[in-house]
Structure formats: C-alpha cells, structure tokens
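Note that the structure is predicted; figures quoted are calculated from it, not measured. Any value given below was found using the heavy atoms of this structure, including those in side chains, with hydrogens, waters and symmetry copies removed.
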Amino acid sequence: SLGVLIIGEAGGKSERSTGLPFRPFAQAGSQLETIIKLAGFQRSQFRIANIVNCQPPNDYLSGASYELEAIQHCQIHRDRIVNEMKPKCILALGEVAFRTLTGLAGPKQTISYMRGYVMDSTYGIPLVGTYHPSFIKRGNQRLIGVCINDLQRAVAVAKEGKVEHRLRTPDGYITNPTGADAHAFYERVRQDPGT
C-alpha cells in the first residue's frame with residue numbers, strides 16, 4: 001500500500017521451504033521485520049522479493065562464478081513483479097540487489113558508499129539502497145538506525161513522488177540538511193561550544 005518494493009539478494013534455507021522471501025522466522029527475515037516495525041510500518045504494506053529466487057549453494061552469491069548467470073536467469077521474475085506492482089520506489093537490500101538494480105559497480109559505488117541516496121534504477125524507478133538485514137544480524141546492530149532511515153526515505157520518495165525531501169529521526173538528526181539547517185546548527189554550537 002506504500003508503493004515500495006523491497007528487493008533483497010537471494011533466498012535462504014527457510015525461504016526455500018516456503019518459496020517466499022524474508023520469512024519472519026528466518027535470520028534475515030526477522031531482522032527485516034524488526035526494521036520495518038521500528039520504522040513505524042507493517043510488513044503487509046510492502047511487496048518483498050529477491051534478485052535470485054532460489055537458494056544459492058551455501059548461501060553464497062556475491063562474487064560466485066555463477067552470480068551473473070543466476071541474476072540473469074531470474075530477471076523474468078523481477079520484471080513480472082515490477083510490471084504487476086508498478087512501485088513508486090525500490091528499496092535495494094545489500095550489494096547484489098543494489099548493483100543489479102542500478103548497474104553501478106566498482107570502487108566507491110558499493111552499498112557502503114551509496115546507501116541512503118535516491119538513485120535511478122534500471123527500471124526507471126527511484127531506488128534507495130541500504131544494508132542487507134543479514135549483514136545487520138551478523139554483528140552490525142549499530143546500523144539498524146541507518147536502515148530504518150533508508151526505509152523511511154524510500155517510503156517518502158514513493159509518497160511524495162520526488163527526490164527532494166528531508167527526514168528527521170526521532171532524536172532530531174537531520175539526514176539531508178538544507179543550508180539554513182547547517183547554519184542554524186553552526187550558530188547553536190558557536191553560542192554553546194559545549195554542545
């Protein structure tokens with residue numbers, strides 16, 4: 001209902017048994033569920049898919065010799081989902097989804113550098129990249145707030161139909177400040193250096 005399509009990398013063992021992506025009881029699925037809830041949304045408000053529909057051997061896709069072939073093989077499923085849903089924004093979870101959906105690769109074009117920015121996808125639909133939930137689950141819990149912000153940004157882009165917007169997190173952190181915001185911050189710090 002929010003117009004956001006969430007796309008991850010590939011299914012795991014739990015997803016293989018059900019045929020559905022990011023199961024709430026699976027490792028990555030439970031983390032995605034937490035991120036969605038903390039962002040103030042419900043899973044049912046999103047369409048969720050993967051770049052590769054099946055489980056890669058040993059859950060290994062990025063950098064594998066079969067990566068490109070697997071991604072191309074599942075292109076028909078992604079195309080079908082995008083054509084059916086007609087999303088207003090895509091949230092790409094992780095490096096494989098980001099690279100596949102933007103065509104960007106190489107130094108300083110990874111998810112670590114590009115996450116949170118609104119990009120053009122290969123479908124001509126705005127895209128926001130963020131970290132994959134399994135990466136968060138593997139000892140990177142400090143990045144949950146970043147993922148929440150990226151999800152909220154994708155929802156705002158879908159809702160507003162434009163790229164220019166500013167999001168505030170509950171603690172007042174401005175993720176995309178204007179010049180006036182930066183100047184106001186400077187003045188606060190100048191007047192109270194202990195800030």
Side-chain angles (χ1 to χ4, degrees), residues 2-12 14-16 19-23 26-36 39 41 43 46-64 66-138 140 143-144 146-155 157-158:
L2 296 172
V4 176
L5 171 60
I6 299 174
I7 301 184
E9 183 176 307
S14 298
E15 289 82 7
R16 183 182 66 208
L20 299 169
F22 291 99
R23 297 292 67 212
Q27 181 179 350
S30 65
Q31 188 65 66
L32 179 61
E33 193 85 11
T34 299
I35 291 166
I36 289 171
F41 305 112
R43 180 187 179 98
F46 301 93
R47 177 90 185 251
I48 303 173
N50 275 316
I51 292 295
V52 174
N53 290 4
C54 57
Q55 180 185 9
N58 300 316
D59 293 327
Y60 175 64
L61 182 62
S62 183
Y66 49 81
E67 177 185 1
L68 183 59
E69 185 180 344
I71 290 170
Q72 289 173 340
H73 178 75
C74 290
Q75 174 85 37
I76 190 168
H77 304 297
R78 288 189 306 280
D79 292 348
R80 179 183 48 78
I81 290 169
V82 169
N83 288 332
E84 283 175 4
M85 182 186 174
K86 297 184 182 9
K88 294 186 170 115
C89 189
I90 297 171
L91 181 70
L93 302 177
E95 187 67 36
V96 171
F98 182 79
R99 186 174 356 106
T100 302
L101 295 169
T102 63
L104 296 174
K108 298 196 178 184
Q109 292 188 6
T110 63
I111 196 70
S112 296
Y113 285 97
M114 307 298 284
R115 60 128 298 274
Y117 289 102
V118 181
M119 317 284 295
D120 283 327
S121 71
T122 55
Y123 290 102
I125 298 166
L127 176 142
V128 176
T130 196
Y131 297 107
H132 195 282
S134 63
F135 177 75
I136 301 296
K137 195 83 167 184
R138 289 190 309 262
N140 295 293
L143 297 173
I144 285 180
V146 171
C147 292
I148 291 168
N149 185 67
D150 294 341
L151 175 61
Q152 290 171 333
R153 178 163 293 183
V155 170
V157 168

Minimum-distance pair of heavy atoms, taken over all atoms of R78 and N50: CG-O, 4.0 Å

Residues that L143 engages under side chain to side chain contact (heavy atoms under 4.5 Å, CB included), provided they are two or more places apart: Y131, F135, I136, N140, V146

Atom of I35, atom of C147 and distance for their closest heavy-atom approach: CD1-CB, 3.8 Å

Considering all heavy atoms, the nearest Q31-P133 contact: CG-O, 3.5 Å

Which residues share a side chain to side chain contact (heavy atoms under 4.5 Å, CB included) with Y117, sequence neighbours left out: M119

Non-hydrogen side-chain atoms of H132 and E95 separated by less than 4.5 Å: no

Sub-4.5 Å side-chain heavy-atom contact between T110 and F98: no

Backbone N/O of G116 and side chain of R153: donor-acceptor pair under 3.5 Å: yes

Minimum-distance pair of heavy atoms, taken over all atoms of A158 and V4: CB-CG2, 3.8 Å

Taking every non-hydrogen atom, the tightest pair across L5 and I48: CD1-N, 4.4 Å

Residues which pass side chain to side chain contact (heavy atoms under 4.5 Å, CB included) with S121, listed by chain and number, not counting sequence neighbours: I90, Y123, I125, L127

Nearest heavy atoms of C89 and A154, plus distance in Å: CB-O, 3.5 Å

Set of residues satisfying side chain to side chain contact (heavy atoms under 4.5 Å, CB included) with respect to D120, sequence neighbours excluded: none

Side chain to side chain contact (heavy atoms under 4.5 Å, CB included) between L151 and T130, intermediate numbers included: CA-CA 8 Å; L151 175 61; T130 196; over 6 Å; no

R80: partners by salt bridge (charged side-chain N to carboxylate O under 4.0 Å, His left out), with sequence neighbours left out: E84

